[in-house]
Q: 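Pasting a structure below so you can have a look.
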Amino acid sequence: MEIMEQEPERVNRVNQIGEYMRKEFSALGFNIGQSVTPIVPIIIGDDNLTFAFWKALFEAGVFVNPIISPAVPAGMQLLRTSYMATHTDDQLNRVLEIFQKVGKQIGVI
């Protein structure tokens with residue numbers, strides 16, 4: 001809490017990152033649901049496809065959390081992406097490139 005109070009620019013930065021990533025994921029054709037935070041879900045809708053996507057991302061150097069039923073309702077399985085104020089624009093853009101490549105390879109987009 002002290003950092004948030006003493007360094008409000010970090011809060012602003014992480015919120016800007018969240019807005020950017022939501023916009024870019026949507027533009028790529030990913031379903032992000034109704035996200036409004038720097039935690040951006042990529043809704044896949046199938047357990048096996050979610051795990052296949054997660055594994056391919058992990059092997060490409062991107063860590064996300066797979067969330068499957070019963071933690072979410074059937075049809076809402078997702079990859080949970082989250083960001084920090086310290087992520088650079090280059091890192092964010094690299095994540096988007098990898099998501100696009102893998103998303104096309106496995107047929108999510």
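Counting from 1, the numbers follow the sequence of the chain as shown.
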Q: Nearest 0.5 angstrom please: Leu57 CG to Leu79 CG, how far?
A: 6.5 Å
Q: I'd like to check Phe99 versus Ile109 (side-chain heavy atoms, cut-off strictly below 4.5 Å). Are they in contact?
A: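 Not touching, per the 4.5 Å side-chain cut-off.
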Q: Do we see a donor-acceptor contact under 3.5 Å between the side chains of Tyr20 and Asn93?
A: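 Checked: Tyr20/Asn93 side chains pair up, N/O donor to acceptor below 3.5 Å.
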Q: With distance as the sole test, does Ser69 use its side chain to make a donor-acceptor pair with the main-chain N or O of Val72 at under 3.5 Å?
A: no
Q: Check Glu59 with Lys55, please: is the shortest side-chain N to carboxylate O separation under 4.0 Å?
A: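 A salt bridge is present here (some side-chain N lies under 4.0 Å from a carboxylate O).
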Q: Thinking salt bridges, do Glu97 and Arg94 make one under a 4.0 Å N-O criterion?
A: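 So Glu97 pairs with Arg94 through a salt bridge.
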Q: With clusters defined by side-chain heavy atoms of hydrophobic residues (ILVMFWY) lying less than 4.5 Å apart, directly or transitively, does Val64 cluster with Phe25?
A: yes
Q: Please report the shortest heavy-atom distance between Ile43 and Gly75, naming the atom on each side.
A: CG2-O, 4.3 Å
Q: Show your reasoning for whether side chain to side chain contact (heavy atoms under 4.5 Å, CB included) applies to Leu49 and Ile106.
A: CA-CA 8 Å; Leu49 197 54; Ile106 65 171; 4.1 Å; yes
Q: Between CD of Gln100 and CD of Gln105, what distance do you get to the nearest 0.5 Å?
A: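 It comes to 11.0 Å.
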Q: Rounded to the nearest 0.5 Å, how far does CE of Met21 lie from NE2 of His87?
A: 9.0 Å
Q: Using side chain to side chain contact (heavy atoms under 4.5 Å, CB included) as the criterion, point out the one residue from Thr50, Ile67, Ile32, Asn65 that pairs with Leu78.
A: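 One option only clears the test, and that one is Ile67.
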Q: Is there side-chain contact between Val11 and Asn15, with at least one heavy-atom pair below 4.5 Å?
A: yes
Q: Which pair of non-hydrogen atoms, one from Gly103 and one from Phe30, has the smallest distance, and what is that distance?
A: CA-CZ, 4.2 Å
Q: Restricting to non-hydrogen atoms, name the atom on Ile17 and the atom on Met84 that form the minimum distance, rounded to 0.1 Å.
A: CD1-O, 3.3 Å
Q: How many angstroms lie between OG1 in Thr37 and CD in Glu19, if you round to the nearest 0.5 Å?
A: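 Here the interatomic distance stands at 12.5 Å.
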Q: Return the CZ to CD distance between Arg10 and Glu5, rounded to the nearest 0.5 Å.
A: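 So the CZ of Arg10 and the CD of Glu5 are separated by 14.5 Å.
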Q: Rounded to the nearest 0.5 Å, what separates atom CD1 in Ile44 from atom CE in Met76?
A: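 It comes to 11.0 Å.
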Q: Indicate whether the side chain of Gln77 and that of Asp47 have a donor and an acceptor atom separated by less than 3.5 Å.
A: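 Gln77 vs Asp47: donor-acceptor pair found between side chains.
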Q: For residues Tyr83 and Pro38, report the shortest heavy-atom separation together with the two atoms involved.
A: CD1-O, 3.0 Å
Q: Using side-chain heavy atoms (C-beta onward) and a distance below 4.5 Å, is Pro41 in contact with Arg80?
A: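 SC-SC contact between Pro41 and Arg80 ruled out.
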Q: Is there a side-chain contact between Thr81 and Ile39 in this structure, where contact means two heavy atoms from C-beta onward sitting under 4.5 Å apart?
A: no
